[in-house]
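Worksheet for the structure shown next.
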Amino acid sequence: MKLPQLEDLPDVAGKRVLVRCDFNVPLAGGHIEDDLRIRSALPTLEWLTGRGAQVTACTHLGRPKGKPDPSTDVAPVRARLKELAPDVALMDNLRWDAGEEANDPAFVDRLVAGQDCYVDDAFGSAHRAHASIVGPPARLPSAAGRLLAREVEVLSGLLNDAKRPFVAVLGGSKVSDKLGVIQALLDKVDALVIGGGMCFTFLAAEGQRTGDSLLEADQVDACRRLLALGKRIVLPSDLTLLGPDNQVRQGGTSVPDGWKGLDIGPGSAAEFSDVITDARTVLWNGPMGVFEDPRFAAGTRTVAEAVAACRGFTVVGGGDSAAAVAQFGLDKEIDFVSTGGGASLEFIEQGDLPGLRALRESVNA
Ligand code: 3PG
Ligand code: MG
């Protein structure tokens, strides 16, 4: 799993270095809501500029369809980067060119033209076999940036020698996206706690009524098989429900028609907290409910507080749970907030990622 590091590059003084970052930050009306992904790249950018390299950063932003589109202009990112790292230039949105997602060799040629070295610090995109991720290492001396290297070190540590009890807490809306990672985690953890929209498909698999809650009916059998493995899966025992006339009430796990569960209930939040408090390693990905709405934020907040207070090693991954801990002012209490959502889950599931493979196979490795 050894990745080439910045120190493995030829002397960068006076050289041109292309740095792939993941500056895919949340934007609202052209305003950056959270610049974590930009700040996280600074150690790498400063290492390079401090040694006299001429640095050009590149990133995707949003999901434009291979052509310029004003709503995904990197201008706000460029402005923020100018404040944080004034000597670093930023290319236009990589996904404005269809060659990026298609991994077109001609697009790779254009990216590396005039560059002497390549650094990949885009952990959040390392699961994408796109041109800017997998192309340059086959052409230029290449290295992992500090952020990418640290993300991989932390996640590998969780998979290979986590202190026990190791507890994973998963939330978010779709269980179908997470079946693979659930399967992989069940082999590693002492308890898997499940909340968020995805819990309803598990509750249905246990024979509960889910009312109008989120349900992936075609995944009920898969959830039933996971429950039958005999591993410790902790599901909610109560819920916060929204009714047909927009009334909010607490309920059990049998949800009447016309009602939907939008958060775990206070009993579940307390039970989840107990499991988290006893852990020596915690991995949390995905909110427990629709926490953007204060009526359904309590479950996510209680879990965030338990993770923050846990004395074990705590890792939070995924844009929504990272945003939740920041919103509750708890981000400083977490040992490691991953900049990768999909990438961290895919790393846990597969044990490797296309971006990491490309670096290991780079021309200088
Ligand atoms: C992310 O935010 O998940 C990464 O930047 C990857 O973006 P993508 O899911 O659009 O490929
Ligand atoms: Mg994504």
Side-chain angles (χ1 to χ4, degrees), residues 19-28 31-41 44 57-69 71-74 76-78 80-81 90-104 107 111 119-135 144-145 147-148 150-152 154-155 170-174 176-178 180-181 196 283-287 292 315-326 331 336-350 352-359:
V19 185
R20 177 46 157 113
C21 297
D22 186 336
F23 292 156
N24 186 26
V25 292
L27 285 174
H31 164 81
I32 298 176
E33 290 188 297
D34 179 9
D35 66 357
L36 173 71
R37 282 180 164 183
I38 306 178
R39 286 183 285 110
S40 301
T44 296
C58 60
T59 184
H60 73 283
L61 182 65
R63 291 181 173 170
K65 296 276 166 281
K67 52 179 189 313
D69 147 21
S71 72
T72 56
D73 195 323
V74 299
V77 175
R78 192 176 277 137
R80 183 70 181 124
L81 188 63
L90 181 65
M91 288 183 182
D92 279 336
N93 191 339
L94 292 162
R95 291 186 186 171
W96 278 7
D97 193 308
E100 167 66 355
E101 292 186 64
N103 187 18
D104 176 0
F107 184 62
L111 284 176
V119 171
D120 185 357
D121 216 15
F123 176 71
S125 307
H127 57 319
R128 304 290 184 218
H130 294 170
S132 64
I133 310 276
V134 296
L147 170 65
L148 181 89
R150 177 71 182 140
E151 293 264 11
V152 172
V154 168
L155 291 174
L170 288 185
S173 48
K174 288 182 84 183
S176 50
D177 289 347
K178 291 189 176 164
V181 76
L283 170 67
W284 176 27
N285 184 301
E292 303 86 336
V315 179
V316 174
D320 288 335
S321 16
V325 292
D331 41 333
F336 189 75
V337 178
S338 174
T339 54
S344 56
L345 294 180
E346 201 166 312
F347 183 80
I348 289 165
E349 185 180 336
Q350 318 266 337
D352 204 358
L353 295 170
L356 309 181
R357 270 193 293 275
L359 286 174

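A quick note: this is a predicted structure, and the numbers were derived from the prediction, not measured. Both ligands and their constituent atoms are indexed starting at 1 by order of listing.
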His130, portion touching ligand 1 at heavy-atom distance under 4.0 Å: neither
Ignoring hydrogens and angles, write down the donor-acceptor pairs under 3.5 Å from the side chains of residues 342-350, residues two or more places apart or on other chains.
| from | atom 1 | to | atom 2 | distance (Å) |
| --- | --- | --- | --- | --- |
| Ser344 | OG | Gly340 | O | 2.7 |
| Ser344 | OG | Gly341 | O | 2.9 |

For Gly124, atoms of ligand 1 separated by under 4.0 Å from a heavy atom: 4 (C), 6 (C)
His127 N/O under 3.5 Å from ligand 1 N/O: no
Enumerated ligand 1 atoms positioned under 4.0 Å from heavy atoms of Asp22: 4 (C), 5 (O)
contact_flag Gly341 ligand 1 heavy-atom lt 4.0 Å: no
Contacts of Asp177 that satisfy side-chain hydrogen bond (donor to acceptor under 3.5 Å, both in side chains) - sequence neighbours left out: none
Contact atoms of ligand 1, heavy-atom distance to Arg63 under 4.0 Å: 8 (P), 9 (O), 10 (O)
Electrostatic pair Asp121:Arg150 at N-O distance under 4.0 angstrom: no
Check: His60 and Asn93 side chains under 4.5 Å, non-hydrogen atoms: yes
Reported CD1-to-CZ distance for the pair Ile133 and Arg128, which is rounded to 0.5 angstrom: 9.5 Å
Atom indices of ligand 1, in the order listed, that fall short of 4.0 Å to a heavy atom of Arg128: 8 (P), 9 (O), 11 (O)
Charged N-O contact under 4.0 Å between Glu151 and Arg37: no
Option with minimal heavy-atom separation from atom 3 (O) of ligand 1, where the choices are His60, Arg95, Arg37: Arg37
Ligand 1 atoms in contact with Asn24 (distance to a heavy atom under 4.0 Å): 1 (C), 2 (O), 4 (C), 5 (O), 7 (O)
Mode of Glu101 contact toward ligand 1 - side chain, backbone, both, neither (heavy atoms, under 4.0 Å): neither
Atom pair SG/CG of Cys58 and Leu94 - distance to nearest 0.5 Å: 4.5 Å
